[in-house]
Amino acid sequence: MNITVPTSAIAGLLTEGILVIAIPVILLIVWKKKTKASLKPAVAGMIIFPLFGILLKAIPGYFLLMADNPVSRVLNSNIWLYSIIGGGLLAGIFEEGGRFVAFKFFLKKYRSNKDAISYGIGHGGFESAYMGLAAFNYVILALTVNAAGMGVLTAGLDEANTAAVTAQIQSIAATPFYVPAVLGVVERISAIVFHISMSVLDLAAAREKKYLPLFPLAILLHTLMNSMIGFVLAGMISTIALECMLAAYSAVMAFFAYRLYKKPDEEEKAVVNEQLTVDS
């Protein structure tokens, strides 16, 4: 089969890749210059996300979604169970769990509210960059197909894998410019805002017992956000509508996180004073 990926689709993916990597980098630089915040929480976020959000999450994800067993068959046969458990709950448990563990045990000296922002930028920024690299990978695949044909990708593959690769390239070829270049970028911005907001909640939960319920709340809120993909999978709304929902949801989370951010408790004040003493 001869497939040609349009220049517009390649340009859209390239635009997405550049922007979703550049945005968190610029955001972190601006935040650092504005607040003089330490970069250590951001680095911790860059480590915790791939460790908890990708590697550790993949273990139950394999048994629940990939392996052939009664549970995986049920989840894969029901759009909502797949979206809520496979797409939402696993991400909520492992990403929020990783965030909480980082603040509770590894960032004891970095518990001021601005450190939560730094961590959120690192966590969300790594995820955004990860998606950007995926976009660049699609660009390479598209350019390869346009230059050498599908045969170079499917050579030596069996029928099932050939069909899968062909379907992927067809999907890339059918992608309008605005989907990755606009919707993809908006999605990453919404995700970064959401990660920053949840970092504020998780830091408060790790820092003081009275805020501990914010940790399971963060898991629930993360589950709800990721589960929204079910509306698209069920054919109930368009991708554009989904991105609008995600942006609105992230904005609401940011509003409540900001209110918490502006209410430093006694421990947070003590941490800030300690840091000021050390810096001086």
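Remember, predicted model here, so these are calculated numbers, not experimental data.
- Here the straight-line distance linking atom NZ of Lys57 with atom CG of Leu64 works out to 12.0 Å at 0.5 Å rounding.
- For the salt bridge (charged side-chain N to carboxylate O under 4.0 Å, His left out) test, residues two or more places apart in sequence or in another chain that qualify with Glu127 are Arg188.
- Counting heavy atoms from C-beta outward, Ile117 and Asn113 have side chains that stay 4.5 Å or more apart.
- Ile26 and Ile29 fall into different hydrophobic clusters, where Ile, Leu, Val, Met, Phe, Trp and Tyr side chains are chained together by heavy-atom contacts under 4.5 Å.
- Pairs passing the salt bridge (charged side-chain N to carboxylate O under 4.0 Å, His left out) check and including a residue from residues 6-34, sequence neighbours excluded, do not occur.
- To the nearest 0.5 Å, the span separating CG on Leu90 from CG on Leu56 amounts to 12.0 Å.
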Between Phe194 and Met225, is the side-chain contact (heavy atoms from CB on, under 4.5 Å) condition met? List the steps. CA-CA 9 Å; Phe194 180 78; Met225 182 164 183; 3.3 Å; yes

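- A donor-acceptor pair under 3.5 Å is formed between the side chain of Ser250 and the backbone N or O of Leu246.
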From CA spacing to verdict: side-chain contact (heavy atoms from CB on, under 4.5 Å), Lys109, Ser38: CA-CA 11 Å; Lys109 295 183 179 180; Ser38 172; over 6 Å; no

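- Applying the side chain to side chain donor-acceptor pair (under 3.5 Å) test to residues at least two apart or on different chains, the pairs with a partner in residues 40-50 are Lys40-Tyr110.
- A pairwise comparison of heavy atoms in Ser190 and Ala247 identifies OG-CA, 3.3 Å as the closest pair.
- Side chain of Arg99 to main chain of His195: a donor-acceptor pair is present (N/O by atom type, distance under 3.5 Å, no hydrogens or angles).
- Considering every non-hydrogen atom in both Gly120 and Ser199, the closest pair reads CA-OG, 3.2 Å.
- Between Ile48 and Ala102 the shortest heavy-atom distance is CG1-CB, 3.9 Å.
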Can I get a per-line list of side-chain donor-acceptor pairs under 3.5 Å for residues 144-152, giving both atom names and the distance, sequence neighbours left out?
residue : atom : partner : partner atom : Å
Thr144  : OG1  : Ile140  : O            : 2.7
Asn146  : OD1  : Val5    : N            : 2.7
Asn146  : ND2  : Val5    : O            : 2.9

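- Between the CD1 atom of Ile219 and the CG atom of Leu89 there is a distance of 8.0 Å, given to the nearest 0.5 Å.
- Looking only at side-chain heavy atoms (C-beta outward), Arg111 and Glu208 stay at 4.5 Å or farther from each other.
- Checking side-chain atoms of Ser72 against main-chain N and O of Ala67 turns up a donor-acceptor pair under 3.5 Å.
- Taking 4.5 Å as the limit, some side-chain heavy atom of Ile192 sits within range of a side-chain heavy atom of Ser128.
- Looking only at side-chain heavy atoms (C-beta outward), Ile47 and Phe126 stay at 4.5 Å or farther from each other.
- Scanning both residues, Ser227 and Gly88, for their nearest heavy atoms gives OG-CA, 3.9 Å.
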Could you go through the side-chain contact (heavy atoms from CB on, under 4.5 Å) check for Val139 and Ile172 one step at a time? CA-CA 9 Å; Val139 169; Ile172 295 173; over 6 Å; no

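- Within 6.0 Å of the OH atom in Tyr130, the count of heavy atoms belonging to other residues, nucleotides or ligands does not exceed 12.
- Pairs of residues two or more places apart, or lying in two chains, never qualify as ring-ring contact (aromatic ring centres under 6.0 Å, His included) while including a residue from residues 135-185.
- In terms of heavy-atom proximity, Leu141 sits nearest to Gln168 at CD1-OE1, 4.0 Å.
- A search for side-chain contact (heavy atoms from CB on, under 4.5 Å) contacts involving Ile229 returns Ser83, Val232, Leu233, Leu242, not counting sequence neighbours.
- Taking CG of Leu224 as the start and CD1 of Ile84 as the end, the distance is 8.5 Å to the nearest 0.5 Å.
- Considering only heavy atoms from C-beta on, Thr166 stays 4.5 Å or farther from Leu153 through its side chain.
- Cluster annotation: Leu14 and Val186 are assigned to distinct hydrophobic clusters (Ile/Leu/Val/Met/Phe/Trp/Tyr, side-chain heavy-atom contacts under 4.5 Å, transitive).
- Take Asp68 and apply the salt bridge (charged side-chain N to carboxylate O under 4.0 Å, His left out) test, not counting sequence neighbours, and it matches Arg73.
- Partners of Asn161 according to the side-chain contact (heavy atoms from CB on, under 4.5 Å) rule, which considers only residues two or more places apart in sequence or in another chain, are Leu157, Asp158.
- No single ILVMFWY cluster, assembled from side-chain heavy atoms under 4.5 Å apart, contains both Val182 and Ile189.
- Not counting sequence neighbours, the partners of Leu81 by the side-chain contact (heavy atoms from CB on, under 4.5 Å) test are Val74, Leu75, Asn78, Ile85.
- Between Asp115 and Tyr119, every side-chain heavy-atom pair lies at or beyond the 4.5 Å cut-off.
- Across all their heavy atoms, Ile79 and Gly230 have their closest contact at CG2-O, 3.8 Å.
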Using side-chain contact (heavy atoms from CB on, under 4.5 Å), reason through Leu214 and Asp202 one step at a time and then give a plain yes or no. CA-CA 7 Å; Leu214 292 179; Asp202 284 323; over 6 Å; no

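- Each side chain to side chain donor-acceptor pair (under 3.5 Å) pair with one or both residues in residues 212-224, not counting sequence neighbours, appears once here: Glu96-His222.
- Aromatic ring centres of Phe215 and Phe100: separated by under 6.0 Å.
- The ring-ring contact (aromatic ring centres under 6.0 Å, His included) analysis of residues 14-44, with sequence neighbours excluded, yields no pairs.
- Residues Tyr261 and Leu212 share a hydrophobic cluster, clusters being chains of Ile/Leu/Val/Met/Phe/Trp/Tyr side chains in contact below 4.5 Å.
- Residues Asn76 and Met66 fail the side-chain proximity criterion, which asks for heavy atoms closer than 4.5 Å.
- Interatomic distance, CD1 of Ile18 versus CG of Leu13, reported as 11.0 Å (0.5 Å rounding).
- With rounding to the nearest 0.5 angstrom, the CG atom of Leu107 is 10.0 Å from the OG atom of Ser118.
- Here Phe231 pairs with Trp80, Met228, Met236, Ile237, Met245 under the side-chain contact (heavy atoms from CB on, under 4.5 Å) rule; sequence neighbours left out.
- Note on Leu19 and Val30: separate hydrophobic clusters, where clusters join Ile, Leu, Val, Met, Phe, Trp and Tyr whose side-chain heavy atoms are under 4.5 Å apart, directly or indirectly.
- Here the side chains of Thr15 and Pro180 are not in contact, with every heavy-atom distance at 4.5 Å or above.
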